[in-house]
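Here the structure comes first, spelled out in structure tokens, and everything after it is commentary.
Worth knowing before you read on, the calculation uses all heavy atoms, side chains too, and leaves out hydrogens, waters and symmetry mates.
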Amino acid sequence: MNSASLRDYVVIGTQAEVDKAISDLVLHLGEVKTWINNNIPRTDRRVVMINFITSICEYLNMASLIGNGHVSILALATRSVYEIHLKVRLVVRSEDELKRWMSEALTDKIQTLEGLLSLNTNRKMERERAQLRSEVDRLKNLADKYKLPEIKTPASAASMAADLGSTSEHKALFKMFSKLVHPSSYLINNYDNAAAQEMRAILQVHLQLYAWDALSRISGVFSVPKELMIVERRAVH
């Protein structure tokens, strides 16, 4: 997203107008989600894309609820939608990327369960541990059954951006998002600057732009009717 796109799609508004713009975007995402569910046969691709839309809506709702609350919450919502936007761009690109994303879900769950198995407990809990090991085996067999690629480490946001040719944009924004999400020295010792209105505006604008772009790409995959997509797309800050 270059500066021209920002000039074309960004307008200044009050916090109430920002909240309304985000709420309207959530409603539109919901309408597209309903259309896809009602008109597209259930496939792995449909399930994944619907999950993307659902997750984007959740982060948008998070942002709209905080108003002028702690800036780290807004930063988390923006960074998360940004990362989902990268994943959407990759997954719509090829079937291999779709399988990789599905495999990451299994890998994450397996690693979580293996982490639980490594915990020391006051009692042996052999029955519970056996259940966890059985679930790990089931997930591994599931990956083999559907010939999903082995993913040892999920792709980072930086590597996804590089793959998509968006390294410059990533370097310009992701570090800022992350500095505001984590309890960094900058956030804690310079909160007034970190949470300044200008910073909030950057986060609010990109939150909306990345959500719109992800929705547009998902709609293109399923040929969502143009009349459903004809709405005024403006990021308000």
Side-chain angles (χ1 to χ4, degrees), residues 1 29 32-33 36-37 40-63 73 75-119 129 131-167 169-171 173-175 177-178 181-182 206-207 209-222:
M1 293 183 184
L29 282 156
V32 172
K33 175 180 173 179
I36 293 172
N37 274 329
I40 304 299
R42 182 183 173 88
T43 61
D44 290 339
R45 185 168 291 277
R46 193 196 81 171
V47 170
V48 165
M49 294 301 175
I50 289 298
N51 287 341
F52 280 143
I53 292 176
T54 300
S55 188
I56 290 171
C57 286
E58 289 169 347
Y59 284 115
L60 289 170
N61 281 326
M62 176 196 300
I73 301 174
L76 173 61
T78 302
R79 191 183 74 166
S80 298
V81 171
Y82 166 71
E83 291 190 62
I84 294 170
H85 166 258
L86 292 177
K87 290 165 186 171
V88 168
R89 290 175 62 189
L90 286 172
V91 170
V92 301
R93 195 167 69 176
S94 71
E95 195 68 21
D96 286 344
E97 292 291 356
L98 172 65
K99 288 185 176 181
R100 178 181 175 86
W101 174 243
M102 294 171 62
S103 184
E104 281 189 27
L106 290 179
T107 299
D108 287 345
K109 190 167 184 180
I110 289 170
Q111 290 177 349
T112 299
L113 294 176
E114 288 176 339
L116 292 174
L117 284 168
S118 70
L119 291 174
R129 289 180 179 275
Q131 290 176 336
L132 291 178
R133 284 191 289 268
S134 176
E135 179 63 7
V136 168
D137 290 339
R138 186 188 73 82
L139 293 171
K140 289 181 177 178
N141 290 333
L142 197 62
D144 291 338
K145 177 181 178 181
Y146 290 100
K147 297 181 172 58
L148 296 178
E150 183 180 359
I151 307 296
K152 294 183 178 180
T153 304
S156 67
S159 65
M160 288 190 289
D163 196 4
L164 292 163
S166 301
T167 297
E169 181 178 355
H170 178 81
K171 287 181 177 179
L173 294 169
F174 192 74
K175 184 174 288 187
F177 296 159
S178 298
V181 168
H182 300 294
H206 285 88
L207 171 73
L209 290 178
Y210 287 128
W212 273 120
D213 193 67
L215 176 61
S216 177
R217 293 172 189 273
I218 293 171
S219 297
V221 169
F222 299 114

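- With rounding to the nearest 0.5 Å, the separation of CG in Leu164 from CZ in Arg89 is 4.5 Å.
- The aromatic rings of Phe177 and Tyr82 stand perpendicular to each other, their planes meeting at an angle above 60°, with 30° marking the opposite boundary.
- Asp108 and Pro154 get closest at one heavy-atom pair: OD1-CG, 3.7 Å.
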| task | Could you walk me through whether Tyr210 and Tyr59 pass the side-chain contact (heavy atoms from CB on, under 4.5 Å) test, one step at a time? | result | CA-CA 12 Å; Tyr210 287 128; Tyr59 284 115; over 6 Å; no
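- In plain terms, the two heavy atoms of Leu117 and Arg129 that are nearest each other are O-NH1, 2.5 Å.
- Shown here for Phe222 and Arg46, the closest heavy-atom pair between the two residues is CZ-CA, 3.7 Å.
- Contact annotation: the side chain of Leu119 approaches that of Leu116 to within less than 4.5 Å [non-hydrogen atoms, C-beta and beyond].
- The closest side-chain heavy-atom distance from Lys33 to Ile36 is not below 4.5 Å.
- Separation of atoms CG (Leu86) and OG (Ser159) is listed at 9.0 Å; rounding is to 0.5 Å.
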| Would Arg100 and Asp96 satisfy side-chain contact (heavy atoms from CB on, under 4.5 Å), going step by step from the backbone distance to the final call? | CA-CA 6 Å; Arg100 178 181 175 86; Asp96 286 344; over 6 Å; no
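- In this structure, Thr54 contributes its side chain and Ile50 its backbone to a donor-acceptor pair below 3.5 Å.
- Between Ile84 atom CD1 and Asn51 atom CG the span is 10.5 Å, to the nearest 0.5 Å.
- Considering CZ of Arg45 and CD1 of Ile40, their distance stands at 12.0 Å, rounded to 0.5 Å.
- Between Val92 and Glu97 the shortest side-chain heavy-atom distance does not fall below 4.5 Å.
- Atom CG in Leu98 sits 14.0 Å away from atom NZ in Lys87 (nearest 0.5 Å).
- Checked by atom type and distance alone, the side chain of Arg79 never pairs as donor or acceptor with a backbone atom of Ser178 at under 3.5 Å.
- Here the straight-line distance linking atom NE2 of His85 with atom NE2 of His206 works out to 10.5 Å at 0.5 Å rounding.
- Two residues are said to be in side-chain contact when any heavy atoms from C-beta on lie closer than 4.5 Å; Ile218 and Ile53 meet this criterion.
- Taking each heavy atom of Ala211 and Ile56 in turn, the nearest pair found is CB-CG2, 3.9 Å.
- Residues satisfying the side-chain contact (heavy atoms from CB on, under 4.5 Å) test with Leu139, not counting sequence neighbours, are Leu106, Lys109, Ile110, Leu113, Glu135.
- Among all heavy-atom pairs drawn from Val88 and Ala214, the shortest one is CG1-O, 4.0 Å.
- Ser118 contributes a side-chain N or O that, together with a main-chain N or O of Gly115, makes up a donor-acceptor pair within less than 3.5 Å.
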| task | Check step by step if side-chain contact (heavy atoms from CB on, under 4.5 Å) holds for Asp213 and Arg217. | result | CA-CA 6 Å; Asp213 193 67; Arg217 293 172 189 273; 2.6 Å; yes
| request: Please assess Asp163 against Met160 for the test side-chain contact (heavy atoms from CB on, under 4.5 Å), listing each intermediate value before the final yes or no. | output: CA-CA 5 Å; Asp163 196 4; Met160 288 190 289; 5.6 Å; no
